[in-house]
Amino acid sequence: MGKKYNIAVIPGDGIGPEITAAAIEVLQAAATRKGIEIITKELKAGGDAIDTFGIPLPQETIDSAKASDAVLLGAVGGPKWDNVEPDIRPERAILGLRAGLGLYANIRPAIVFDELKDASPLKNPGRIDFIIVRELTGGIYFGKNGTYQSGDRLPDGTVKGKVAFDTESYSEGEINRILKIAFELAMKRRKKVTLVDKANVLVSSRMWRSLAGQMSLEYPEVEFESLYVDNAAMQLIGRPSSFDVIVTSNLFGDILSDEAGQIAGSIGMLPSASLGANGMPGLFEPIHGSAPDIVGQDKANPLATILSAAMMMRTLGEDELSADIENAVKKTLAGGFRTSDITFCNEGENIKSVGTKEITKAVIDNL
Ligand code: IPM
Ligand code: MG
């Protein structure tokens, strides 16, 4: 008998339902060929949940997600919910899932398929193949925050008008566990780790730098460098092919991973994994958002979500199934199929400009 996996699917908002449906179709087709059973359960989160329950992340979604083997998510958010109270914004669903499932490690690969090598806006990017390992449940996203009302006393003793604040704080444990993931990942790759911080200004960054320096001694084979985040933003453009594993805090990772998506040229192509403590399901999602401008037009590129499903199956130990899906995506690109976000790649060759449904069908045909 083949294996069986329970996958929680959170379609979310905007193009989320279209791209998760595509990914599940591909996953089911690939799994059936391997005698593996995939049982899906759809859960609500984000604007979708706000519309039904008045809150972005119902307890039922957290409980069912926890009870699954892995979670596949489309995207959340959109202009419809821009004016809701900050505490019930769709984005709270993502943050709540990360915290609720203890997903402290966000793995964001920036890879360019050979077939899309002119996708990067950079002139001579070289071979782009690096991974951002972003801390995901600490730092300024989850630190103390609030506002002082006018006339309140500030911690430094001064009295001012209204003040709003967010704080960045990291414990040694939080830093070490994410560093460990980065060094272990580098050992399986090109053996290079770049720490990105702001140690010339921030106390918390100085702790990152000292802990990373110490850990690098345990990995003598790994080349280790540290960059200030402003410089890193520049070096990513200047020498993207020199990076292998980049490890950084929650906020810096958020910013640099969007930059990485652009460097790789196709935000519609990049998958991600958020992993937690042992025994907890991981969450897999495309790095792009809900693209409200193209909802329901059969235009969305489902490949990032399909590749996220492949990452999911690899994490579950199904390497072959995962490789089947990735190879089918490659074949589809080699066959000239392009959604509108990537049609400019290899222009003039045998390019077929297609929609979400047709490219999904092509991937399934190529399995
Ligand atoms: C991301 C997104 C989220 C983040 C938002 C939607 C809360 O930008 O996953 O990169 O800031 O982490
Ligand atoms: Mg982001």
Side-chain angles (χ1 to χ4, degrees), residues 10-16 19-20 44-50 55-57 61-62 65 70-110 130-143 145 166-168 170 174 178 181 196 229 232-233 236 246-264 266-276 282-293 295 300 304-305 307-308 311-312:
I10 304 181
D13 310 316
I15 58 169
I19 56 179
T20 45
K44 282 188 185 292
D48 184 26
I50 296 175
I55 49 169
L57 185 61
T61 296
I62 301 185
V71 184
L72 184 71
L73 185 137
V76 298
K80 183 174 174 197
W81 305 280
D82 268 353
N83 297 316
V84 300
E85 287 293 306
D87 282 353
I88 65 157
R89 281 186 67 92
E91 289 80 3
R92 299 306 309 174
I94 300 262
L95 299 175
L97 278 168
R98 288 173 184 167
L101 302 182
L103 305 170
Y104 65 85
N106 188 209
I107 314 287
R108 298 190 162 182
F130 63 87
I131 297 192
I132 296 186
V133 175
R134 168 191 177 194
E135 199 292 324
L136 204 58
T137 51
I140 201 163
Y141 273 56
F142 292 93
N145 59 25
D166 300 274
T167 49
E168 171 95 348
Y170 269 112
E174 283 174 319
I178 194 76
I181 297 229
V196 172
V229 62
L236 271 175
I246 295 173
V247 61
T248 191
S249 65
N250 205 341
L251 181 63
F252 296 160
D254 178 46
I255 299 167
L256 292 183
S257 62
D258 266 31
E259 185 184 350
Q262 184 63 62
I263 290 169
S266 45
I267 197 150
M269 292 296 302
L270 301 182
S272 79
S274 301
L275 307 174
L283 184 145
F284 301 81
E285 58 176 324
I287 74 159
H288 61 72
S290 60
D293 51 319
V295 179
T305 318
L307 292 168
S308 298
M311 250 182 133
M312 173 170 84

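Note that the structure is a prediction, hence the values are computed from the model and not measured. We're numbering straight along the sequence, starting at 1. Order of appearance sets the numbers: ligands from 1, and atoms from 1 within every ligand.
Protein N/O/S atoms found under 2.8 Å from the Mg ion (ligand 2), listed by chain and residue number: Asp254 OD1.
A pairwise comparison of heavy atoms in Val196 and Phe252 identifies O-CD1, 4.1 Å as the closest pair. The heavy-atom pair separating Ile10 from Thr20 by the smallest distance is O-CG2, 4.2 Å. Nearest heavy-atom pair, Gly77 versus Asp13, reported as atom, atom and distance to 0.1 Å: N-OD2, 2.7 Å.
Within 4.0 Å of ligand 1, protein heavy atoms belong to Glu91, Arg98, Arg108, Arg134, Tyr141, Asp254, listed by chain and number.
The CG atom of Leu57 lies 10.0 Å from the CG atom of Leu95; values are rounded to the nearest 0.5 Å. We find the CG-CE distance between Leu307 and Met269 to be 5.5 Å, quoted to the nearest 0.5 Å.
Residues Asn250 and Leu136 have side chains in contact (heavy-atom distance under 4.5 Å, counting atoms from C-beta outward). Counting heavy atoms from C-beta outward, Arg108 and Val133 have side chains that stay 4.5 Å or more apart. At a threshold of 4.5 Å between non-hydrogen side-chain atoms, the residues Ile50 and Lys80 do not count as touching. Under the 4.5 Å side-chain criterion, counting only non-hydrogen atoms from C-beta, Phe284 is in contact with Leu275.
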